[in-house]
Amino acid sequence: MRQRLDLDDCLDVAPRLAAGVDVSYHKESSRIVAAAVVIDLATGVEVESAVVPGQVSFPYVPGLLAFREVPILLTALGGLRHRPDVVVCDGYGIAHPRRFGLACHLGVLTGLPTFGVAKTPFVGAYDEPGARRGDWSALCEGDEVLGRVLRTQTDVKPVFVSVGHRTSLDLATTITLDLSPRYRLPEVIRRADFLSREALRRPPTP
DNA sequence: GCGACAG
DNA sequence: ATCTTGTCGC
């Protein structure tokens, strides 16, 4: 009888809790703030959130974003009381020069299922997807499929979805659409963006 | 060699 | 990422 390691399994049970993470940077200092927001996929209701301050410890280098954001993202996720079934990242998963973007990195370090939703193209070629919400096209490089260019809102610029860790492209696509009932980006990402940005405007904690 | 380059 | 004014639409 075939045995399978949990570590290698994809998320195959209906996920209930989805978390979204994001980082905001101060313009003229090294201060940064990360936020993690958890939403119940069945109801769309926010369950909880965690906001943590930090300092920039690595420069922005295309292809190395994980080294800049993963540290504080781990702290933010650690501040959650609930364990999310899947984590949505602001950036790419395997659609990366080395096939190991931020979402992959965060997934391996936490053991949690993850995938990325990026706002702009990075690597790979694609055809413009249909104009309606739900329409998508493959993001490819040669023969390999790196992700999907997904239209989350009719007549709105598409987002780039790619698998991170222990998730399938189909599931990532479904969750992205479920979390984007009204706006272009998933609600968990929007919320994490708002919370981190708002906290960053607050004076530092002496 | 030159330009492009998630956030 | 952040900055940045106006503009178009519900």
Side-chain angles (χ1 to χ4, degrees), chain A residues 19-37 51-77 87-109 114-126 131 133 136-142 144-150 152-165 167 169 172-173 176 180-186 188-202 204:
Chain A
V21 294
D22 190 33
V23 181
S24 285
Y25 299 77
H26 188 88
K27 180 190 177 185
E28 47 205 20
S29 81
S30 58
R31 285 204 306 129
I32 60 177
V33 172
V37 177
V51 180
V52 301
Q55 296 286 314
V56 169
S57 61
F58 198 88
Y60 169 68
V61 180
L64 301 183
L65 181 62
F67 293 94
R68 181 175 169 81
E69 305 199 332
V70 164
I72 193 170
L73 290 182
L74 288 174
T75 302
L77 285 173
V87 179
V88 186
C89 304
D90 197 339
Y92 283 95
I94 65 172
H96 174 276
R98 308 309 308 236
R99 307 295 182 264
F100 205 78
L102 170 64
C104 301
H105 206 133
L106 191 62
V108 168
L109 266 43
T114 64
F115 67 86
V117 176
K119 299 178 288 296
T120 61
F122 187 28
V123 295
Y126 61 93
R133 166 181 157 81
W136 59 267
S137 58
L139 176 64
C140 313
E141 191 170 291
E144 48 182 342
V145 176
L146 304 179
R148 281 177 190 167
V149 182
L150 175 67
T152 54
Q153 294 297 317
T154 299
D155 291 329
V156 168
K157 188 196 303 180
V159 296
F160 302 76
V161 179
S162 57
V163 165
H165 187 60
T167 56
L169 194 46
T173 299
T176 297
S180 312
R182 174 93 170 83
Y183 299 100
R184 181 191 178 218
L185 299 177
V188 284
I189 294 299
R190 300 186 68 236
R191 285 289 296 159
D193 179 71
F194 280 135
L195 293 179
S196 61
R197 189 176 317 192
E198 175 183 61
L200 191 62
R201 291 199 316 156
R202 294 302 164 205

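- For Leu200(A), the listed nucleotide lying nearest its side chain is dT2(C); candidates were dT2(C), dG7(B), dA6(B).
- The CG-P distance, from Asp90(A) to dA1(C), rounds to 6 Å in whole Å.
- Using a 4.0 Å cut-off between charged side-chain N and carboxylate O, Asp90(A) and Lys119(A) make a salt bridge.
- Within the 4.0 angstrom heavy-atom criterion, no nucleotide atom of any strand lies near Ile32(A).
- The residue Pro97(A) sits apart from the nucleic acid: no heavy atom pair falls under 4.0 Å.
- With rounding to whole Å, Phe58(A) atom CZ is found 15 Å from dA6(B) atom P.
- Atom pair Leu106(A):CG and dA6(B):P shows a separation of 19 Å (rounding to whole Å applied).
- Within the 4.5 Å cutoff, side-chain heavy atoms of Leu146(A) are placed close to those of Arg99(A).
- Between Phe160(A) and Tyr126(A), the ring centre distance stays below 6.0 Å.
- Using a 4.0 Å heavy-atom distance criterion, Ile189(A) is classed as making no nucleic acid contact.
- As rounded to whole Å, 11 Å separates atom C1' of dG7(B) from atom CG of Leu73(A).
- Atoms CZ (Phe100(A)) and C1' (dA6(B)) sit 15 Å apart, rounded to a whole Å.
- Whole-Å rounding puts the Tyr92(A) OH to dA4(B) P distance at 17 Å.
- For Lys119(A) and dG7(B), the shortest distance from a side-chain N or O to OP1 or OP2 is below 4.0 Å.
- Among the protein residues, Gly116(A) comes within range of no part of the nucleic acid, since none of its heavy atoms lies under 4.0 Å from any strand.
- Rounded to whole Å, the distance from OH on Tyr183(A) to C1' on dG9(C) is 13 Å.
- Within 4.0 Å (heavy atoms only), His96(A) reaches at least one base atom of the nucleic acid.
- With centroids closer than 5.5 Å and planes inclined by less than 30 degrees as the test, Tyr25(A) and the base of dG7(B) fail to qualify as a stacked pair.
- Surrounding CZ of Phe67(A) are at most 12 heavy atoms belonging to other residues, nucleotides or ligands under 6.0 Å away.
- Following rounding to the nearest Å, Arg197(A) (CZ) and dT4(C) (P) show an atom-to-atom distance of 13 Å.
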